[in-house]
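So the structure is just underneath, and the comments pick up after that.
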Amino acid sequence: AGADVVIFSFHGGAEGAKARHVPGKLELAWGEKRGDVKALARAAVDAGADVVIGHGPHVLRAMELYKGKLIAYSLGNFCGYRAFSVRSIYSRTSAILDIVIDEVGNFVRGKLVPLRLDQQARPRLDPEKHAFSQVSELGQKDFPDTYVSVGADGTLQVQSTY
């Protein structure tokens with residue numbers, strides 16, 4: 001209650017290239033219950049979080065604007081020297097999120113910096129910018145009323161009805 005900004009980060013959901021979508025229900029990984037990340041992220045905002053950053057599936061997932069707050073369900077992988085598979089375009093695509101929020105934590109603007117993991121799973125700038133289309137496509141499919149898309153220059157574009 002006394003914090004100026006609350007950033008909630010979680011590790012949850014299914015894992016791998018087949019887990020790119022946010023299903024809005026309980027997810028499993030290797031038989032383990034990994035939560036309903038949509039319900040968790042929105043509950044975090046309802047409880048006072050200003051920004052929610054998810055990770056866990058090791059691939060990019062959608063972003064949405066919920067009650068003025070940005071939720072990024074997964075930004076892929078960032079570092080893990082030789083620790084991650086980079087065989088598929090999805091497992092080697094990642095991003096850095098750069099955002100501005102206002103004095104009450106509402107999303108103002110942001111950019112996505114596209115990354116790709118090299119053969120040793122080290123992040124490098126991605127000149128092909130695969131992250132932009134992946135995040136936009138996933139958002140439109142998983143959160144048609146609240147998604148955030150990514151413009152050609154990486155600018156986040158709110159498509160929300162909130």
Side-chain angles (χ1 to χ4, degrees), residues 5 7-24 27 29 37-38 40-42 44-45 49-102 105-162:
V5 174
I7 299 171
F8 179 78
S9 179
F10 68 87
H11 183 95
E15 296 196 18
K18 293 180 180 178
R20 297 174 59 232
H21 291 279
V22 178
E27 294 182 70
V37 299
K38 179 179 176 182
L40 175 66
R42 289 182 171 190
V45 169
D50 299 305
V51 179
V52 177
I53 307 291
H55 48 93
H58 304 283
V59 291
L60 290 172
R61 278 188 161 184
M63 284 190 268
E64 72 164 328
L65 197 69
Y66 174 71
K67 297 183 178 178
K69 312 299 183 180
L70 185 68
I71 300 172
Y73 284 92
S74 178
L75 295 174
N77 292 312
F78 185 72
C79 60
Y81 182 66
R82 296 184 179 171
F84 303 116
S85 168
V86 292
R87 287 183 294 228
S88 81
I89 187 66
Y90 304 124
S91 62
R92 69 176 168 259
T93 303
S94 192
I96 296 171
L97 183 61
D98 180 10
I99 65 168
V100 174
I101 58 176
D102 67 15
N106 289 323
F107 175 78
V108 174
R109 66 182 174 278
K111 274 191 112 161
L112 203 62
V113 178
L115 301 174
R116 66 175 171 189
L117 301 181
D118 69 14
Q119 291 303 312
Q120 277 82 40
R122 297 174 299 198
R124 304 286 187 235
L125 290 175
D126 179 8
E128 296 175 5
K129 304 175 183 177
H130 291 287
F132 297 176
S133 59
Q134 288 183 32
V135 169
S136 295
E137 172 201 343
L138 292 164
Q140 192 169 14
K141 288 181 179 176
D142 294 352
F143 301 96
D145 296 326
T146 59
Y147 75 100
V148 174
S149 64
V150 184
D153 65 350
T155 301
L156 300 183
Q157 301 168 346
V158 176
Q159 309 296 327
S160 174
T161 57
Y162 279 105

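Between A44 and F8, the shortest heavy-atom distance links the atoms CB-CD2, 3.5 Å. The two residues I99 and L70 come nearest to each other via the heavy atoms CG2-CD2, 3.7 Å. S74 and H58 get closest at one heavy-atom pair: OG-N, 4.4 Å. Taking all atoms of both residues into account, the shortest heavy-atom contact from R116 to D126 is N-CB, 3.9 Å. A pairwise comparison of heavy atoms in H11 and G56 identifies CE1-CA, 3.4 Å as the closest pair. Contact record, A95 with A131: CB-CB, 4.2 Å, taken as the closest heavy-atom pair.
By the 4.5 Å heavy-atom criterion applied to side chains, T146 and Y66 are not counted as neighbours. Looking at heavy atoms from C-beta onward, L97 lies in side-chain contact with M63 at the 4.5 angstrom threshold. R42 is listed as a side-chain neighbour of I71, based on a closest heavy-atom distance under 4.5 Å.
For the pair S136 (side chain) and V150 (backbone), a donor-acceptor distance under 3.5 Å is present.
Interatomic distance, CZ of F107 versus CG of D50, reported as 13.5 Å (0.5 Å rounding). To the nearest 0.5 Å, atoms CD1 (I96) and CG (L125) are separated by 7.0 Å. Considering CG of L75 and CG of L115, their distance stands at 9.5 Å, rounded to 0.5 Å. Distance check, rounded to the nearest 0.5 Å: CD of E137 to CG of D142 gives 9.0 Å. To the nearest 0.5 Å, atoms CD (Q157) and OH (Y147) are separated by 9.0 Å. Residue K141 holds its NZ atom at 7.5 Å from CG of L138, rounded to the nearest 0.5 Å.
For residues 52-63, every residue pair satisfying the salt bridge (Lys or Arg N to Asp or Glu O under 4.0 Å) rule, not counting sequence neighbours, is listed here: E27-R61.
When the side chain to side chain contact (heavy atoms under 4.5 Å, CB included) test is applied to T155, the partners found at least two apart in sequence or on another chain are K111, D153. I7 is linked by a side chain to side chain contact (heavy atoms under 4.5 Å, CB included) to V5, V51, I53, counting only residues two or more places apart in sequence or in another chain. Under the side chain to side chain contact (heavy atoms under 4.5 Å, CB included) criterion, S88 pairs with A17, Y90, S91, not counting sequence neighbours. By the salt bridge (Lys or Arg N to Asp or Glu O under 4.0 Å) test, R109 is found to be paired with no residue, residues two or more places apart in sequence or in another chain being considered. With sequence neighbours left out, the side chain to side chain contact (heavy atoms under 4.5 Å, CB included) criterion links I89 to R92, T93, H130, Q134.
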Item checked: Derivation and outcome, side chain to side chain contact (heavy atoms under 4.5 Å, CB included), residues L117 and R122 -> CA-CA 5 Å; L117 301 181; R122 297 174 299 198; over 6 Å; no
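In this structure, F10 and H55 have parallel ring planes: the angle between them is below the 30° cut-off, well short of the 60° mark.
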